[in-house]
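See structure below.
Keep in mind the model is a prediction, meaning the values are calculated, not measured. Residue numbers start from 1 in every chain, and the chains themselves are labelled A, B, ... in the order their sequence lines are given, proteins ahead of strands. What's counted below: heavy atoms across the whole structure, side chains too, no hydrogens, waters or symmetry copies.
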Amino acid sequence: MIRCRSVLSGVVLAGILLGVGGRVPAADGQVTVGSKAFEESWILGEALTTLARDAGAAARHTSNLGGTDVVYAALKRGDVDLYPEYTGTIAEAILKTSGRADLAHLRAAVAKEGLGISDPLGFNNSYALGVTQETAARYSLRRISDLARHPDLRLALTHELLQRKDGWPGVSAHYGLRMRNVQGIQHALAYTAVRTGQADVIDIYTTDAQIERLKLVLLEDDRHFFPPYDAVLLYRLDLPQRQPAAWAAMQRLLGRIDEPAMIRANAQVTLDHRTQEQAAADLLREVLAPAAPAGGAKGQTSRKPEFVPQTALPGASPSLLGHTLKHLQLVGLSLLAAALLGIPLGVLASRSRGIAAVVLSITGVLQTIPSLALLAFLIPILGIYDPPAYVALFLYSLLPIVRNTFTGLTTLPPHLAEAAEALGLAPAAQLWRVRLPLASPAILAGLKTSAVINVGTATLAGLIGAGGLGDPIWRGLQTNDHALILQGAAPAACLALLVQLAFDLLDRCLVPRGLRLRADGD
Amino acid sequence: MRARGLWEGDNSVIQLDQVSKSYAGRCVLQPTSLQVMPGQTVSLVGQSGSGKSTVLRIVLGLIRLDGGSVALNGAPLTPGNARRLRHGAGYVIQDGGLFPHLTAADNVVLLARHLGWDAGRRTARVRELAEMVRLPEDALGRYPQQLSGGQRQRVGLMRALMLDPPVLLLDEPLGALDPLTRAELQRELRALFSQLRKTVLLVTHDLGEAAYFGGNIGVMHAGRLLQLGTLCELREAPADPYVPALIAAQQQAALTGTAA
C-alpha cells in the first residue's frame, strides 16, 4: 500500500514540477517571433520583434529554435506567431511537394494549416556548394557537374541538407554524382573544416558572410537543381487580425532587404561578433532609411520617418548568471522528478522479476534515443520552451536512478537481508529501516550520474527556446565565436564539478555513518 | 532431560514434523522430525552442508517447505503468521548479523521500535540486556564496524533477547571468534541459558561446544538427523557409523590443538 502511494505521489509531484517549470505559450495580446538556429534567422527575428514592439505590441523573440521541424511545429501549435522562412524550404521540407511550386500554390497549401506566407523580403538565400579557391584550381571545379569527375572529394554537408529530398539526395541524383566521402556536419563547423583542409566541398547558404571572408568559390548550379529560396514570413493567419498594428509594422520589411544587405548583417554577427540585436538594429536603420519610400504601412512612416531602434531590449539576452540559473533549474527540477519516480520504480523492480524486466527495458530504451530525436518527438505534443526540455531531461535521468536503486536493493548482503526478515520486521519496515539505508550509497551514485549527465544534456534546451547554458554554446558554434562558446561551456563544466561536490556533501548527510565507516576501512 | 523427544507430550516449544527441503533437485534435508521441550537446549552438530542451518531457518519460516509441518511456541507455522511467530524466537548468527548502518543500540531496539515500544521502555530494556551480556555502556553508541568480534556477538545476542522471547535460535554464534573470547562467551552463554530458562536450539560444527552447553546433541549428516541424544548416549550407542567417526575426529582435533 505504502509502495503504491509513493509511486503515485511521485508521478503527481513530477507533473506538478513540470507544470510549474513550463512557460505559458504565447498569450493573446502578445506577438511571439520565432527564428531558427542560425544567425540570419536570429537577425530577421530580432528585426521583426523590434518593429512589432515599436508599433506598441508586446513582442517577444524566441530565437534559436533548432531546425525547420522545431520552429514549424512551434508555429502550428501557436507557440510562435511567425518566423522568417524560405520558399524552397516551405515547398520541400514542410509541404513535401517536389518541384518548384509558386507562391500562390504554397499559400493555398499552408492556408489549410491556418498559416499564411507574406510577400518576399527581397533576398534569395539558396543552397550552394562551395570550395576554396585552391581546391577549385586544383580540380578545375566551376560547376556542380564538375564534381562527377572527382568522386573522392570529401564533402561535409549539414544534416538538414543530407536529409532533405531537395538536398543532397536530390543533387546527387540530378547530377548523377557518386561521391564516396560524404559526412554530416554542423553548418558553422563546416567553414572551419573547409578552411583547415579537412573537407573539400561544403554546402553554403548564399547569404553567408563566410563566403567573402574565406574567398570560397560557389559551384554553379548548371543544371538548375536548387529552387529559389526567397525569404518570406510564415505566419499564423490570425496574427493580422489579432495584432494589426504590429503586423503592419513588420510588413515594412517586405521587399526591402536585398542580398548585400543581408550578407552585411550576417557578417556583423559571424565575423565582427556583434550581437543579433545590434545587427538587427543596423539592418533596420539601413533598409528602412527615409530615402526609400515606405509602402503599405498606413501612415506609420509619416509619424516615424526615420527608424530609431530602442537600445535596451528587455529580456532579449539573459546574462551569464541567468543562463546558469536556468540551467541549474532545468537539471535540478528534472532530476528531482526523476528521483521521485525512479526510486519507487527501482524498489518496485526489486520486488519482482517481471516488473524489473519491463521497467529496466523501458528506461533503457529511452536512454538510447538520441536527445535531439527525443525532442523532435516531444515538440508536436508539448510544443517548445520548457516542457519538452524538462520531460526529455526527466526521461534521461530515469535509467541511472532506477537501475542503481534496483541493483542496490538486489545485491544486499544475503545474511543482512535474512536477518531483517528473521527479526520479524514487516516488509515496509524492512524497506525503510534496512534495505533503503543499506542501498543508499548506490542510489545516490545513480542520482549523481544522472545529474552530471543532465548538466551536459541540458545544453540542448538552448535549441528549443528553453534557455540555459546551451544558448551561448549553440550561438557560439553557429557563429564560430569561441568566446561565446566558452561563455556557456565553462560555466557548464563548473556546474558539473559543483554537482559532484554537492553530491559528495549529500553523501555525508544521507548515507548512514555506519556505512561510511566501512568505506573508510577501520 | 530424556532423550528422543519424538514421543514426548505435545507441550513442546519447537516441533518439526517430517520437514524436508530440496533446492533445484538436490536434497538438503531429508524428512526430519525434532521436538524441543521448554527450557531444553538442543545442539545440532555436523559438517557444513549437513543441513543443520536449514533446520533453524525452517523453524523461523524463512524457507518454504517441500513437506512436513512446523510448530513454534505451540502454534502451527503458516506463511500468514510466520512474522508474528518470529517475535517469539530470537535468532543469532555468526558475527552477530548486525546492520552496519545502525549503532549497536539501534540494532538492538530496531524491532521494539517498530512494534511501538516507547523510548523509556526501550532504554531500560537495553540497559538490562547490556548488563546481562556484559557489554560496556560506551559500546552501545558505536557502529558494528567499531566493535570487536566478541562485542558484535554480544550485541547480536541482545538483539535476539530484546523482546524476551521464549526461544533462542543460534547459528554458529561463536564461529568467528578467537579461542579466548570464544571460551569466555561459551561460559557466559551457558550461564545465561540456565538463568533465563530459554528453549535453545543451537547449531555448531564443534561437538565439544555442543557437549559443553549440555542437553541433547543432534548429529546431522548429508541432510539427515542421524541421532539425537546426550554425548554419553552418542558414545555408547551410536545409531550410525558416522557418529563415532565424528566423535573420534573431534577428539583428535582437540588433542592436537587444531580445533577450529
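In this structure, chain A has a heavy atom under 4.5 Å from the side chain of B:Ile93, while its backbone stays farther away. Residue contact with chain A, scored on non-hydrogen atoms closer than 4.5 Å, is absent for B:Leu115.
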Side-chain donor-acceptor distances from residues 66-76 of chain B under 3.5 Å, at least two apart:
unit_1	atom_1	unit_2	atom_2	d
B:Asp66	OD2	B:Ser22	N	2.6
B:Asp66	OD2	B:Ser22	OG	3.0
B:Asn73	ND2	B:Gly88	O	3.2

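Note that CZ of A:Arg513 and CD of B:Gln146 are 5.5 Å apart. Values are rounded to the nearest 0.5 Å. Rounding to the nearest 0.5 angstrom, the gap separating the CG atom in B:Leu110 from the CG atom in A:Leu425 is 5.0 Å.
Atom CD of B:Gln18 sits in a crowded spot, with more than 12 heavy atoms from other residues, nucleotides or ligands closer than 6.0 Å. In this structure, A:Arg433 places its CZ atom where only 12 or fewer heavy-atom neighbours from other residues, nucleotides or ligands lie under 6.0 Å away.
Ranking B:Arg159, B:His101, B:Met162 against chain A, the residue ahead of the rest is B:His101, based on heavy-atom pairs under 4.5 Å. Among B:Arg113, B:His114, B:Arg84, B:Arg142, the residue with the largest count of heavy-atom pairs under 4.5 Å with chain A is B:His114.
Annotation: side chain of A:Leu416 is in contact with side chain of B:Pro100 (closest heavy-atom distance under 4.5 Å). For the pair B:Gln94/A:His415, no side-chain contact is recorded, criterion being any heavy-atom separation below 4.5 Å from C-beta on.
Evaluation of the ring pair (Phe, Tyr, Trp, His ring centres under 6.0 Å) rule for B:Phe213 yields B:Phe193 as partners, not counting sequence neighbours.
What you find for B:Gly97 and A:Ala419 is that their closest heavy atoms are O-CB, 3.8 Å. Closest approach of A:Leu423 to B:His87, counting heavy atoms only: O-CD2, 3.5 Å. Minimum heavy-atom separation, B:Leu60 to A:Ala422: CD1-CB, 4.1 Å.
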